[in-house]
Asker: 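Quick one: the structure is below, questions incoming.
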Amino acid sequence: MGEESFEHLFLSCDLAFHLWRSSPWGIFPVCDTGIRVWDWVKFIWDLNKRGIEANDVFLYASIVVDTIWRVRNEKVHNNCSPDIIKCIDNVCTSYADYHDSLLPSPSLDLTEAWSPPPPEWIKLNCDVKVGLNSMCIAVVARNHLGSVIRVQTAREDFSDALCGEAAACCLAVSVALDIGSKFAIVENDSRMVINALNGIDSHWAIENYVSFCTNSSPLFISCNFSYVRRTCNFAAHNVARWAFAHKVFGAIPIASLPDNILCNDREV
């Protein structure tokens with residue numbers, strides 16, 4: 001709808017505005033001020049002075065720029081009009097996928113390992129295996145002795161990784177309620193989902209999942225949602241991969257699982 005300059009394409013067109021505005025920080029360029037791309041880069045860099053990790057924003061910005069360029073080429077060369085909602089979904093999902101591997105927190109102990117919950121508690125680790133048009137979510141519930149008391153999987157007929165991680169947390173809550181536990185810890189390796197469940201961040205794509213967990217939490221005496229590294233989540237990760245490959249969904253008898261699949265120290 002405007003002359004395609006560098007600034008118009010990446011900062012001020014309608015699509016660009018919505019992608020910037022959908023960021024976890026709610027930042028967006030004010031384009032009627034004559035802002036240039038370099039001004040926007042300097043603004044992002046200066047966020048460090050405001051207590052925001054600029055590297056996180058630069059990762060998000062890189063994905064936004066890549067998305068805009070791809071959508072622009074589809075419009076110019078294939079006359080495909082952009083779907084703004086789908087673009088926002090793709091940006092948020094890509095950011096969630098790349099963040100923990102590209103920008104791990106330096107304060108985390110790389111030797112961190114899974115640990116059992118306190119007596120009377122259960123710990124439910126959950127993860128997702130994403131396919132082309134579907135995915136498998138998995139939950140492994142263990143007691144204070146570290147013994148597996150329930151393995152549950154479910155198929156989801158979509159392939160959005162962020163929503164899949166959130167759906168896995170919802171399945172974990174449902175499993176805890178079905179077991180009858182009053183004290184539950186849900187662990188997941190998506191920091192973005194756990195932050196949303198704890199009210200630290202908000203992401204419209206997973207609001208329904210967050211609402212389910214929030215409304216279910218009062219049914220427990222205590223229900224906590226914790227972020228863990230993949231090294232603490234191998235059992236759920238392995239179950240999700242195995243169940244997806246073998247199309248095994250529902251409550252899975254523990255004896256029917258491969259011997260090494262519930263290990264805590266490696267991917268199998």
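No experiment lies behind these values; they were computed from the predicted model shown.
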Asker: For L162, is there any backbone N or O sitting under 3.5 Å from a side-chain donor or acceptor partner on S190?
Answerer: no
Asker: Is the shortest side-chain heavy-atom distance between S134 and F158 below 4.5 Å?
Answerer: no
Asker: Between Y227 and W114, is there shared hydrophobic-cluster membership here, with clusters defined by ILVMFWY side-chain heavy atoms closer than 4.5 Å?
Answerer: no
Asker: With no hydrogens and no angle check, is any side-chain donor or acceptor of D83 less than 3.5 Å from a backbone partner on I85?
Answerer: yes
Asker: Would R150 and N143 count as having a side-chain donor-acceptor pair, cut-off 3.5 Å?
Answerer: no
Asker: Cation-pi between K129 and W242: NZ/CZ under 6.0 Å from ring centre and within 45° of the ring axis?
Answerer: no
Asker: Name the orientation class of the two ring planes belonging to H237 and F234 (parallel below 30°, tilted from 30 to 60°, perpendicular beyond 60°).
Answerer: perpendicular
Asker: With the side chain counted from C-beta on, respond yes when L171 and Q152 share a heavy-atom pair under 4.5 Å apart, and no when they do not.
Answerer: yes
Asker: Go through the steps for F225 and C213 under the test side chain to side chain contact (heavy atoms under 4.5 Å, CB included), then give the verdict.
Answerer: CA-CA 10 Å; F225 300 94; C213 292; 3.8 Å; yes
Asker: Would C223 and F183 count as a side chain to side chain contact (heavy atoms under 4.5 Å, CB included) if you check the C-alpha gap in whole Å, the side-chain angles of each, and the deciding distance to 0.1 Å?
Answerer: CA-CA 6 Å; C223 181; F183 302 92; over 6 Å; no
Asker: When E165 is tested against each of I206, I194, V193 for side-chain contact (heavy atoms from CB on, under 4.5 Å), which residue passes?
Answerer: V193
Asker: Output yes when a side-chain donor or acceptor of S159 lies under 3.5 Å from a complementary backbone atom of L132, and no otherwise.
Answerer: yes
Asker: Can you tell me how far the NZ atom of K86 sits from the CD1 atom of I84, to the nearest 0.5 Å?
Answerer: 14.0 Å
Asker: For the side chain of N215 and the backbone of S211, is there at least one donor-acceptor N/O pair under 3.5 Å apart?
Answerer: yes
Asker: For atom CD of E53, decide whether the heavy atoms of other residues, nucleotides or ligands shown that lie under 6.0 angstrom number more than 12.
Answerer: yes
Asker: Taking K123 for the side chain and S115 for the main chain, is one N or O donor matched with an acceptor at less than 3.5 Å?
Answerer: yes
Asker: Can you give me the closest heavy-atom contact between N125 and C232, atom names plus distance?
Answerer: ND2-O, 3.3 Å
Asker: So W45 and F58, would you call those rings parallel, tilted or perpendicular, with 30° and 60° as cut-offs?
Answerer: tilted
Asker: Should we count CG of D46 as having more than 12 external heavy atoms under 6.0 Å?
Answerer: yes
Asker: Could you pull out the closest heavy-atom pair between G146 and P116, with the gap in Å?
Answerer: N-CB, 4.1 Å
Asker: Do any N or O atoms from the side chain of N238 and from the backbone of E267 form a donor-acceptor pair under 3.5 angstrom?
Answerer: no
Asker: Can you tell me if NZ on K75 sees more than 12 non-hydrogen neighbours from other groups inside 6.0 Å?
Answerer: yes
Asker: Same cluster or not: V175 versus I221, using hydrophobic residues (I, L, V, M, F, W, Y) connected whenever any side-chain heavy atoms lie under 4.5 Å apart?
Answerer: no
Asker: With a 6.0 Å cut-off (strictly less than), is the heavy-atom count around CG of D157, excluding the residue itself, greater than 12?
Answerer: yes
Asker: Please report the shortest heavy-atom distance between E156 and A167, naming the atom on each side.
Answerer: OE2-CB, 4.3 Å
Asker: Yes or no on side chain to side chain contact (heavy atoms under 4.5 Å, CB included) for V140 and V148, after CA distance, side-chain angles and deciding distance?
Answerer: CA-CA 7 Å; V140 176; V148 177; 4.2 Å; yes
Asker: Just wondering, do E7 and R36 contact through their side chains at under 4.5 Å, heavy atoms?
Answerer: yes
Asker: Tell me the closest heavy-atom pair linking A154 and F249, and the distance in Å.
Answerer: C-CD2, 3.8 Å
Asker: Evaluate the side chain to side chain contact (heavy atoms under 4.5 Å, CB included) criterion for residues V228 and N188: first the C-alpha distance (whole Å), next the side-chain angles of each, then the deciding distance (0.1 Å), finally the verdict.
Answerer: CA-CA 6 Å; V228 292; N188 183 273; 5.9 Å; no
Asker: According to a 4.5 Å side-chain heavy-atom criterion applied to Ile, Leu, Val, Met, Phe, Trp and Tyr, with indirect links allowed, do L262 and I179 form part of one hydrophobic cluster?
Answerer: no
Asker: Indicate yes or no for a side-chain donor-acceptor contact from N198 to the backbone of I200 under 3.5 Å, with no hydrogens or angles considered.
Answerer: no
Asker: Between L19 and L11, is there a shared hydrophobic cluster once you connect ILVMFWY residues whose side-chain heavy atoms come closer than 4.5 Å?
Answerer: yes
Asker: Do you know which two heavy atoms are closest between A184 and S181, and how far apart they sit?
Answerer: N-OG, 4.4 Å
Asker: Tell me whether D127 contacts the main-chain N or O of V139 through its side chain, where contact means a donor paired with an acceptor under 3.5 Å.
Answerer: no
Asker: Would you say the side-chain atoms of D66 pair up with the backbone N or O of S62, donor to acceptor, closer than 3.5 Å?
Answerer: no
Asker: Give, for atom CD of E187 and atom CG of N233, the distance between the pair rounded to the nearest 0.5 Å.
Answerer: 7.0 Å
Asker: Is R142 close enough and on-axis enough to W121, meaning under 6.0 Å and within 45°, for cation-pi?
Answerer: no
Asker: Between NE2 of H246 and CD1 of I252, what distance do you get to the nearest 0.5 Å?
Answerer: 11.0 Å
Asker: Is a side-chain N or O of S216 found less than 3.5 angstrom from the main chain of F212, in a donor-acceptor match?
Answerer: yes
Asker: If Ile, Leu, Val, Met, Phe, Trp and Tyr residues are connected whenever their side-chain heavy atoms lie under 4.5 Å apart, and connections chain through other members, are V248 and I137 in the same group?
Answerer: no
Asker: Ignoring hydrogens, what is the shortest heavy-atom contact between R229 and D189? Give both atom names and the distance.
Answerer: C-CB, 4.3 Å
